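First up is the structure itself, then whatever we jot down about it.
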2 protein chains.
Amino acid sequence: MTESEQAPRGRATAEMVAARAKVSRVAVSRAFNPHTSLKPEKRELILKVAQELNYTPDRAARALVSGRSHLVGVIVPDVCSHWESQEIDALTTALQAEGFATLLFKTRTDYSMDEQLLAYMRGFNPDSVIAFVENVKPHTLARFLDRAVPIYIHYPQAELADDAGDEPLHDRLNVLQRDGVEQAVALLQGFGAKRIAYLSGAEKSRANGARERMLRQVMAERGLAPPVVAGGDFSYDAAYQATIDLFRVGEGADAIFAANDVGAFGVIDALRHELKLRVPEDVKVIGFDDIAQSHWKSYNLTTVKFDLDERVRALVRLILRRLTTPDAPGFQETLNTRLVVRGTVG
Amino acid sequence: MTESEQAPRGRATAEMVAARAKVSRVAVSRAFNPHTSLKPEKRELILKVAQELNYTPDRAARALVSGRSHLVGVIVPDVCSHWESQEIDALTTALQAEGFATLLFKTRTDYSMDEQLLAYMRGFNPDSVIAFVENVKPHTLARFLDRAVPIYIHYPQAELADDAGDEPLHDRLNVLQRDGVEQAVALLQGFGAKRIAYLSGAEKSRANGARERMLRQVMAERGLAPPVVAGGDFSYDAAYQATIDLFRVGEGADAIFAANDVGAFGVIDALRHELKLRVPEDVKVIGFDDIAQSHWKSYNLTTVKFDLDERVRALVRLILRRLTTPDAPGFQETLNTRLVVRGTVG
DNA sequence: TCATAGAATGAACACGTTTTCAATTCTCGT
DNA sequence: ACGAGAATTGAAAACGTGTTCATTCTATGA
């Protein structure tokens, strides 16, 4: 009966394609799923008809029965923060290539836990969740997201070469910061820096905590006095003000290690434009991330680099492996850092 | 039978909540939908039990029957481009408050049409689509997205005060650039600029075309010679190189109007660090967007501003109105621009 | 007390797909 | 030509929800 009323309104459905191609509705479903048995010429015909009718399987219906939404939730406190936006960009590209889509959610900028958001997000049924919400224990996340598998971004305390933390309970990405920080401190020490300050990121961020901890450790090993800490929150403006305070109220420094590149930009601008100090002659500056802006001539920042592509590839690997083998024990990937030398130390 | 096997694995379902609260499954559905008739104390009980079981209605199932996915597709060529990332950030926040989620897709950076992506996106059933893909006619978009309603970002040719383009066929956001450009050219002219160059954005971008067109028009009206055009693509690096070419190969300029702020940063850095020219003394620079970075001290850019919050509010209004009244004729919102004066003209 | 309207309730259906399972057809070696 | 195993096929069940509709309950007024 639906033969004549060739509905031009609304989506085409598998039933319509089946009717037009004179096959069963099930055959249409199979045509769109590889690894199912269907005579090749039949599949070809169906796909042709589908294209004519502008048909694509409805992912909501598909998700309902298969339990796979092909959505990956990404929680970010601040999309326009440079590192985050670059990671979202690369991640979206990679996920798209694998047939997934990025579902974006914003949480509080202070990096605190946001239960309400997790419950909200759960309703959308993501297959996996990458939590930039940093101070959340993975099992808390798992409790809130029952079906979706969270990926935990882990900063090992002791960064031994083979620090697997053996048998992690959850999938995680280990970020090792020692190499980059060691190279950075060595460079500063080589240029005679004595009083090194740390310009922190958001207090509750685990990344920030790990960076400060590693800096202290490396400086102690090299016989340097502990760093003075100036309180930032990963933003340009906070870094700008904190730097001014460090020199006007505090005792200053001859080198500043910032928790992220954007913060380093604030430090540099405060030094040059407000305090009339020269970078790197009077004060040396090192950042963290190596975002795209760091090579811009006005900053030309020496910084500790994550390889973004490598990081994204690792995340995608974790997601795919978990979906392929849902009951496997925790997977983990490890990411290293290294120093990129530019013009703010010298 | 499912009473005893209190499945701790997988999502809680409405059936489980109903069983535990000794009510029917329909009552659970009603408890989560306002405007349905249900005894208050019963609703309260159900919501309490639901919270205990960590239950949220499955949006895939809900979408299947109601035809509303509560997903808004956003197509971007480049997430980490500053303007885009700030818009995505604000939009996600606003949509989240209205019960929607942002579905992110990346397309080609040259702003060309991407049919494959549209078909891919359609599978996810977005309720609405905001197309940053700029050279796509709205009816083409509509054909590919049957159910989702696209929002067209429109740059009216003649920017009369009431240029509604009366009765648009599709929902659209009109962006008026005349006011900002007029103020910018007036400022440049006031400082005696004679040879104004335009550093373009991506060739296929409609925003870029509209900006160049408006600049030509305003300059002609004020008796200025047409601008020299330097070819960029909205990126820092392209702007940097194009500026060098403009002075080394071409005839230079005493003022440069960039198609976007990031491009203006490239212009400024090329002028200062490569060409050893002073900004604003030797060459004046104006940008477009007023992104957060524009007030950073190293650039301190004079620029034509969109009000981002206003823009996002307008977009959300368009989305909500269309979903409330699906068969209404095309809605439209209008957005104006104005100049923000900082330190790169003077 | 009774009639009546309105609120509250639950059974059944619908949404568009994948998956299961049994039935049918095909392929190939003897 | 025949049988066995593999490939192909379609009917029916399932996924978790919102909606319709007929029924039951409650409160109000005469």
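Chain letters run A, B, ... following the sequence lines, proteins first, then strands; residues in each count from 1. From a predicted model like this one, the values you see are computed outputs, not experimental measurements.
- Under the side-chain hydrogen bond (donor to acceptor under 3.5 Å, both in side chains) criterion, A:R108 pairs with A:S112, sequence neighbours left out.
- Remark: B:S85 pairs with A:C80, A:S85 by the side-chain contact (heavy atoms from CB on, under 4.5 Å) rule, at least two apart or across chains.
- If you take NE2 of B:H35 and P of C:dA7, they are 15 Å apart, rounded to a whole angstrom.
- Applying the ring pair (Phe, Tyr, Trp, His ring centres under 6.0 Å) test to every pair with at least one member in residues 39-73 of chain B, sequence neighbours left out, gives these pairs: B:F32-B:Y55, B:H70-B:F100.
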(message) Counting primed atoms plus P, OP1 and OP2 as sugar-phosphate and everything else as base, spell out the protein contacts along nucleotides 13-24 of chain C at 4.0 Å heavy-atom distance: B, S or - for each nucleotide, 5' to 3'.
(response) --BBBBB-----

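- Every residue two or more places apart in sequence or in another chain was checked for a side-chain hydrogen bond (donor to acceptor under 3.5 Å, both in side chains) with B:D307, and none qualifies.
- The side chain to side chain donor-acceptor pair (under 3.5 Å) pairs that include a residue from residues 315-324 of chain B are B:D171-B:R322, B:R317-B:E333, B:R321-B:E333, where partners are two or more places apart or lie in different chains.
- Partners of A:S29 by side-chain hydrogen bond (donor to acceptor under 3.5 Å, both in side chains), not counting sequence neighbours: none found.
- B:E52 pairs by the side-chain contact (heavy atoms from CB on, under 4.5 Å) definition with B:R20, B:K48, not counting sequence neighbours.
- A search for side-chain contact (heavy atoms from CB on, under 4.5 Å) contacts involving B:V26 returns B:S24, B:R30, not counting sequence neighbours.
- When only modelled atom types and interatomic distance are considered, B:R59 and A:S69 share no side-chain donor-acceptor pair under 3.5 Å.
- In summary, contact between chain B and DNA chain D, defined as any nucleotide atom under 4.0 Å from a heavy atom of the protein, begins and ends at D:dG16 to D:dT19 in the 5' to 3' direction.
- Taking the screw axis at each terminus of the helix from C:dT1-D:dA30 to C:dT30-D:dA1 from five consecutive base pairs, the angle between the two is 30° to within rounding of 10 degrees.
- Listed pair B:K42 / C:dG10 meets the phosphate criterion, a side-chain N or O lying under 4.0 Å from OP1 or OP2.
- In this structure A:T109 satisfies the side-chain contact (heavy atoms from CB on, under 4.5 Å) test with no other residue, sequence neighbours excluded.
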